[in-house]
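Order of listing sets the numbers, starting from 1, for every ligand and every atom in it. Only this structure's heavy atoms are used, side chains among them; waters, hydrogens and symmetry mates stay out. Only a predicted model underlies this, so the values are computations on that prediction, with no experimental measurement involved. Heads up: numbering here begins at 1 and tracks the sequence.
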Amino acid sequence: MTPPELPGLTIVELQRLLRAREVSPREVLQALHDRIEAVEPKIDAYLSRDLDAALDAADAADVSLPLGGIPLAIKDLISVAGQPCTCASRILRGYRALFDATVIQKLKAAGAIPFGKTNLDEFAMGSSTENSSVKPTRNPWDVARIPGGSSGGSAAAVAADAAIASLGTDTGGSIRQPAALCGVVGLKPSYGRVSRYGAVAFASSLDQIGPITKTVADSALLLEVMAGLDPNDSTSLDAPVPDYRAALQGDLKGVRLGLAKEYLSDGIDPEVRAAIDTAVAQFVSLGAEIVEVSLPHTDYAIDTYYIIATAEASANLARFDGVRYGHRAENPLNLLDHYNRTRAEGFGAEVKRRIILGTYVLSSGYYAAYYLRAQKVRTLIRQDFARAFEKVDALISPTTPEPAFKIGERSADPWRMYLADIFTIAANLAGICGISVPCGMASGDLPIGLQILGPSLGEARILQVAHGFEQSTAWHKRRPL
Ligand code: GLN
């Protein structure tokens, strides 16, 4: 194996080579660095990288550990001590994280090397990575198109072999949607499965950290390292962490998969629809049983999300006031002027739109009409899923209604942009888990993703279903560029 091929490998494949001492962690990192240098001018997936520190870590790596010597790319919203953590916002330009997020601590303890930070929509608000204040990231399959978002840098890097694997965050689809549009695997764990301590909060009742990988097995491996109770995140669940890789075994005979009729509506691109139909036939041939189910409150998911997410964002983003860190306006006239101008200069248009909307829905007089009502609808959405999971083990659907759109195509129309998450958002509202795996290609060589949703803490099952599908198809082997 010559070093230039190394960046194309999965974690599991690299582990084998590293443990057999056929390659060293330094060679892996160097090869990855060369690959990044070659493709980064085309895709712009990274915001920062620290090769020197990573090489030191590589030289010290213990390859017998679960992730010993494996380099990882991290969405620039998750704190890695000493590295920038800008959330792709002007307001955090120059800020460096002072501590490791819990997931980073765990990954480092398992031997991984978080060496670089990837681009995103500012504060994870968006579906295309065009809302980054730094630069848009491009889809490696067609650089005129968006990679999805908000974890677009993480997904594009993995797809382009400019990362072995990466981390994203998913508040309404930001792991699964870019994974689908870039042709890789993205897992949103159940709410509370993985600690968010050290991830900059967007909407605290929805956010989750999860892996973006080339295969389902790699996803299982990373989840297993990251999952579990964390005293620093009171929303993390005190539930045992299964052996997710062992759960990949076994066939899909008798597994009940639900198809929600509301998720196969007319708005779906015909090529996406055809890919899902083919995936369904594939599951049948693997012995799964397909059951039609209904999620009657689906139509309300986007509206509900944009009330709850913006309300929580408006509260969470209040901390960016230019007093302790980040951007600070020059020569303020007084304290109010300092706040006003710092925030006016520091936040981009979409973030401001959300803060304004969120503040409005929480204001006295409108709170009951919007926020409280949205919380009630959220309960109905949660009940829809609970009812469906009485009948089926997992739900399958497209991850996105269409393949990747062109850069700039939706920037002027926030509502059309919001529709990119129509199939992913409800899972966050319900707190359940979901994974996107490649299931086809649309014309122009654009990847299509299949979403598999499971109940809260149902990760082992959706990983098994995803793995069974993946291993019986060849979509995950295709690479762009
Ligand atoms: N696209 C959705 C939004 O803009 C979801 C983003 C996310 O999951 N972080 O809010």
Side-chain angles (χ1 to χ4, degrees), residues 74-78 87-89 118-132 136-137 146-155 166-182 186-191 194 196 199-212 301-314 316-317 347-358 361 374 378 399-402 404-405 410-411 413-436 449 451 453:
I74 310 294
K75 187 179 189 178
D76 199 27
L77 173 114
I78 300 171
C87 301
S89 179
T118 54
N119 199 17
L120 64 150
D121 288 296
E122 185 177 1
F123 286 105
M125 297 179 187
S127 309
S128 68
T129 317
E130 292 167 293
N131 293 338
S132 165
T137 291
I146 58 112
S150 62
S151 313
S154 288
S166 63
L167 294 193
T169 60
D170 191 313
T171 303
S174 279
I175 290 173
R176 291 160 287 158
Q177 186 258 24
L181 300 185
C182 289
L187 170 75
K188 182 202 95 74
S190 312
Y191 187 72
V194 172
R196 286 97 44 85
V200 177
F202 163 10
S204 303
S205 77
L206 301 161
D207 300 339
Q208 272 291 293
I209 297 173
I212 297 181
I302 291 207
D303 308 69
T304 305
Y305 171 86
Y306 277 97
I307 292 171
I308 292 172
T310 58
E312 294 181 10
S314 74
N316 274 324
L317 270 56
F347 290 133
E350 180 65 23
V351 175
K352 285 177 187 161
R353 179 168 20 243
R354 306 242 183 153
I355 292 173
I356 292 168
L357 184 58
V361 300
R378 180 178 192 170
T399 308
T400 65
E402 296 166 312
F405 50 86
R410 307 232 170 137
S411 309
D413 187 348
W415 185 249
R416 272 195 76 204
M417 186 72 92
Y418 296 170
L419 288 176
D421 302 312
I422 190 150
F423 300 132
T424 50
I425 259 175
N428 301 73
L429 291 166
I432 62 175
C433 59
I435 189 167
S436 178
Q451 176 174 242
L453 297 173

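Every N/O-N/O distance between G149 and ligand 1 stays at or above 3.5 Å. Not one N or O of T169 is nearer than 3.5 Å to an N or O of ligand 1, by distance alone. Considering backbone and side-chain atoms alike, A124 places an N or O below 3.5 Å from some N or O of ligand 1.
Among all heavy-atom pairs drawn from A420 and S127, the shortest one is CB-CB, 4.0 Å. Summarising the geometry of F347 relative to K352, their closest heavy-atom pair is O-CE, 3.1 Å, with the distance given to 0.1 Å. Of all non-hydrogen atoms in D207 and F202, the two that sit nearest each other are OD2-N, 3.0 Å.
Side chains of E402 and L419 form no contact here, defined as non-hydrogen atoms less than 4.5 Å apart.
Among protein heavy atoms, atom 2 (C) of ligand 1 sits closest to D421 OD2, 3.1 Å. In terms of protein heavy-atom proximity, atom 5 (C) of ligand 1 is nearest to Y305 OH, 3.2 Å. Summary of contacts: the protein heavy atom closest to atom 4 (O) of ligand 1 is R354 NH2, 2.7 Å. For atom 6 (C) of ligand 1, the closest non-hydrogen atom on the protein side is S174 OG, 2.9 Å.
Of the possible polar contacts, one joining the T399 side chain to the Q451 backbone as a donor-acceptor pair under 3.5 Å is found.
Distance check: Y305 OH to D421 CG gives 6.5 Å after rounding to the nearest 0.5 Å.
Of all the atoms in ligand 1, the ones that sit under 4.0 Å from a non-hydrogen atom of F202 are 9 (N), 10 (O).
The proximity of F123 to ligand 1, defined as any non-hydrogen pair under 4.0 Å, does not occur for either the backbone or the side chain.
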